[in-house]
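Report on the following structure.
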There are 2 protein chains.
Amino acid sequence: MTVKNNLPLALRAAYLALHRRTEARFAQHDVTADQFVLLATLARGDALTQRELGQRMSSDPSTVRAMLVLLERRGLIQRESHPTDARARTVSLTPAGRRKFRQLWKAGNSIRETMFGALPPDEAAALVRNLTKIAETLNQGCVPVRGPIALHSTEVA
Amino acid sequence: MTVKNNLPLALRAAYLALHRRTEARFAQHDVTADQFVLLATLARGDALTQRELGQRMSSDPSTVRAMLVLLERRGLIQRESHPTDARARTVSLTPAGRRKFRQLWKAGNSIRETMFGALPPDEAAALVRNLTKIAETLNQGCVPVRGPIALHSTEVA
DNA sequence: TATTGTTATACTCTATAACTATA
DNA sequence: TATAGTTATAGAGTATAACAATA
């Protein structure tokens, strides 16, 4: 079926267009699109462990570390030892990081509006719902399922 | 609005899930997900120039070249001088490349089915349509459009 | 002059495996 | 034994700029 066969490439084309546009927009702020995602993830749930952070932005622990090293060097994030687990380190935005994120969020607004505006108003919600469903389904059995992560989670579900 | 704000990350999560799953599936065939896209693009339109190829898979010319060098070394694609334009080179699949692509297409089928199956049947077509629309909209004014259209594009200094 | 492709270069993200130190 | 993080290492994709050959 055509729709089935076109779905993967259509998804890729849409994401790549978003990624490139975001990259271009944030270049003058010296932040990559993925670094923005990391900052945004921290802005929503501060004091995550590196592992939690990686899971929420679907990145490898060593990838996350590489990104954190870059951002820490620039004073946008900070890492502290976890209060109850000496193995872990909690990651949070510095005041400068928080400022930077607010800038970026503002700078990215027109992109979000462009995307949203391209859609029929009554179909946007279904799009987000279906994208989320696809992500969930594709991750089943692929992502290393871990135990009760929520034990360390500071965020209330 | 929540839908507007969640759209970019939902798109990213869905694509990354697809990308990782595809990467894992094709690893045993020694082909990356992006290399598969290149092969698929060639399978649909053989004898493209490198530039055309790059445009169709939305990749930079130098990126395309890097990928082609890898694939040429493995005998999956071949480059020949363009019949009428001595500057250009046409790219096409070798017989081995064609065989490889058929294998990959088959190997990827369950992923396409998983994605498609996760959607309400009456919403799949709209999803593809809206993803395509998003890609088109976001690429406007960002991608260097070539050919006749470029004549009207005076906005780039 | 504009365009196709190459080259050199650099950087981010990605990922695996071996390692430490804790749990 | 299992987990959090680090380190070393490697590779793919990305992108820019300077360049040659050709249109």
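Residue numbering restarts at 1 for every chain, and letters A, B, ... go by the order of the sequence lines.
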In whole Å, I'd like the distance from the CG atom of Leu71(B) to the P atom of dG11(D). 16 Å

Ring-plane angle category for His19(B) and Tyr15(B), please: parallel below 30°, perpendicular beyond 60°, tilted otherwise. tilted

Hey, does the side chain of Arg51(A) come within less than 4.0 Å of dA4(D)'s phosphate (OP1/OP2), counting only N and O? yes

Which residue lies more 5' along DNA chain C, comparing Met57(A) with Pro61(B) via nearest heavy atoms: Pro61(B)

Would you please confirm or rule out a distance under 4.0 Å between OP1 or OP2 of dT6(C) and any side-chain N or O of Arg79(B)? yes

Ranking Gln50(B) and Glu23(B) by the position along DNA chain C of their nearest nucleotide, the one closer to 5' is Gln50(B)

Answer with base, sugar-phosphate or nothing: what part of the nucleic acid does Asp34(A) contact at a heavy-atom distance below 4.0 Å? sugar-phosphate

Begin with the C-alpha distance, continue with both residues' side-chain angles, and end with the deciding distance and a verdict on salt bridge (Lys or Arg N to Asp or Glu O under 4.0 Å) for Lys100(B) and Asp30(B). CA-CA 10 Å; Lys100(B) 177 65 97 172; Asp30(B) 283 308; over 6 Å; no

Quick one: sort the Phe101(A) and Trp105(A) rings into parallel, tilted or perpendicular, breaks at 30° and 60°. tilted

How would you label the contact of Ser62(B) with the nucleic acid (heavy atoms, under 4.0 Å): base, sugar-phosphate, or nothing? base

Spacing of Arg89(B) atom CZ relative to dT22(D) atom P, expressed in whole Å: 13 Å

Looking only at side-chain N and O atoms, does Arg79(B) offer a donor or acceptor that is under 3.5 Å from a partner on Ser92(B)? no

Between C1' on dG5(C) and CD on Gln55(B), what's the gap in Å once rounded to a whole number? 14 Å

Between atom CD in Glu72(A) and atom P in dG5(D), what is the gap in whole Å? 13 Å

Please check if atom NZ in Lys133(B) has more than 12 non-hydrogen atoms from other residues, nucleotides or ligands closer than 6.0 Å. no

Look at all strands and tell whether Thr32(B) reaches a base, only sugar-phosphate, or nothing, counting heavy atoms closer than 4.0 Å. sugar-phosphate

Length of the NE2-P vector between His82(A) and dT3(D), whole Å: 16 Å

Looking at dG5(C), I'd like to know if its phosphate oxygens (OP1 or OP2) sit under 4.0 Å from a side-chain N or O belonging to Arg87(B). no

Could you state the CZ-P distance from Arg12(B) to dT14(C), rounded to the nearest angstrom? 7 Å

Specify the separation, in whole Å, of atom CG of Asp60(B) and atom P of dG13(D). 13 Å

Testing dT6(C), dG13(D), dG5(D) for proximity to the side chain of Gln35(B), the answer is dG13(D)

What is the separation between atom CG on Leu68(A) and atom P on dG5(D), rounded to the nearest whole Å? 10 Å

So, does Ser59(A) get its side chain near the phosphate of dC13(C), meaning an N or O under 4.0 Å from OP1 or OP2? no

To the side chain of Leu70(B), which of dG5(C), dC13(C), dA12(D) is closest? dA12(D)

OP1 or OP2 of dT14(D) under 4.0 Å from side-chain N/O of Arg65(B): no

